[in-house]
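Please read the structure below before turning to the comments.
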Amino acid sequence: MIALGAMMFSSCDIFTQLASDVASVANLRNCEFNLKNVNNVSVAGVNVKNLTQGQLSATDVVKLVAAYQTKKVPLAMNVNVDVKNPTTQQAAMTALDWILAIEGKDMASGVNSQRYSIMPSTTTTVPLGVNTDLGNLFSKEGVEKLKSFASSFTKEGTSSKVGLRVKPSINVGGTQVPFPNYIKLEKKTGRS
């Protein structure tokens with residue numbers, strides 16, 4: 001009898017969790033995804049702020065020239081995505097697939113597999129670490145094109161040359177359920 005009671009209690013817990021997961025999936029569809037900013041941007045190990053402000057050291061110049069000559073121009077940056085839950089119910093996300101484009105060309109992709117609970121009427125920031133090589137993108141046009149890319153970043157940490165698409169997922173009953181399509185993100189303007 002005790003075993004039967006334990007099985008029924010366990011089944012109820014599983015059903016309750018499944019119902020909660022389904023509700024979180026439904027509410028995730030109501031969330032708004034926006035590109036918050038890009039920070040800690042470096043090209044060939046040189047901080048982009050130094051490049052755009054003309055504050056390059058001799059070491060920075062050597063790094064950039066070496067990267068350009070070898071056609072290996074590593075780009076590292078953090079891209080922050082805001083997920084706003086405008087509803088009165090909690091939403092959840094268990095993964096966020098992403099594709100980063102530079103000047104319209106897909107350059108990097110990845111997934112943030114951390115679980116996020118987006119509480120009602122709040123915004124949660126999801127960080128994405130991006131590492132890619134810009135060598136092929138800028139090898140034909142030269143240093144001026146690379147400089148143009150670096151100077152496209154605003155003080156707020158956005159660039160018209162950087163695009164991002166994301167596809168959130170939620171785990172329901174042990175199965176990862178992704179959104180059907182990628183969402184194209186743009187920098188949100190106005191009030192948060």
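All heavy atoms count here, side chains included; hydrogens, waters and symmetry mates do not.
Atom CZ of F179 sits about 10.5 Å away from atom NZ of K167, to the nearest 0.5 Å. Between S57 atom OG and K63 atom NZ the span is 7.0 Å, to the nearest 0.5 Å. Taking NZ from K36 and OG1 from T124, the interatomic distance works out to 10.5 Å, rounded to the nearest 0.5 Å. From K72, atom NZ reaches atom CG of L134 across 13.5 Å, with rounding to the nearest 0.5 Å.
The shortest distance between side-chain heavy atoms of N171 and R115 does not fall below 4.5 Å. Two residues are said to be in side-chain contact when any heavy atoms from C-beta on lie closer than 4.5 Å; L164 and L128 meet this criterion. With a 4.5 Å cut-off on side-chain heavy atoms, W98 and L185 do not count as touching. Considering only heavy atoms from C-beta on, L28 comes within 4.5 Å of P168 through its side chain. Q90 is not listed as a side-chain neighbour of N27, based on a closest heavy-atom distance of 4.5 Å or more. Contact check for V162 versus L35: no side-chain heavy atoms found under the 4.5 Å cut-off.
At distances below 3.5 Å, at least one donor-acceptor pair connects side-chain atoms of N85 with backbone N or O atoms of T87. Judged by distance alone, the side chain of N112 and the main-chain N or O of P127 form a donor-acceptor pair under 3.5 Å. Checking side-chain atoms of D133 against main-chain N and O of V73 turns up a donor-acceptor pair under 3.5 Å.
Between the side chains of T125 and D82, at least one donor-acceptor pair of N or O atoms lies under 3.5 Å. Using modelled atom types and a 3.5 Å distance limit, the side chains of N80 and N37 yield a donor-acceptor pair.
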ask   = So Q89 and N30, side-chain contact (heavy atoms from CB on, under 4.5 Å) or not? Walk me through it.
value = CA-CA 10 Å; Q89 301 296 315; N30 295 319; over 6 Å; no
inquiry  = Test side-chain contact (heavy atoms from CB on, under 4.5 Å) on Y116 and V83; report intermediate values, then the result.
reply    = CA-CA 10 Å; Y116 289 90; V83 183; over 6 Å; no
key: Chi angles and distances behind the side-chain contact (heavy atoms from CB on, under 4.5 Å) call for M93, V126   = CA-CA 10 Å; M93 178 174 64; V126 178; 3.8 Å; yes
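Applying the 6.0 Å contact sphere to CD of Q176 captures more than 12 heavy atoms from other residues, nucleotides or ligands.
Hydrophobic clustering, with ILVMFWY side chains joined whenever heavy atoms are under 4.5 angstrom apart, keeps I99 apart from V166.
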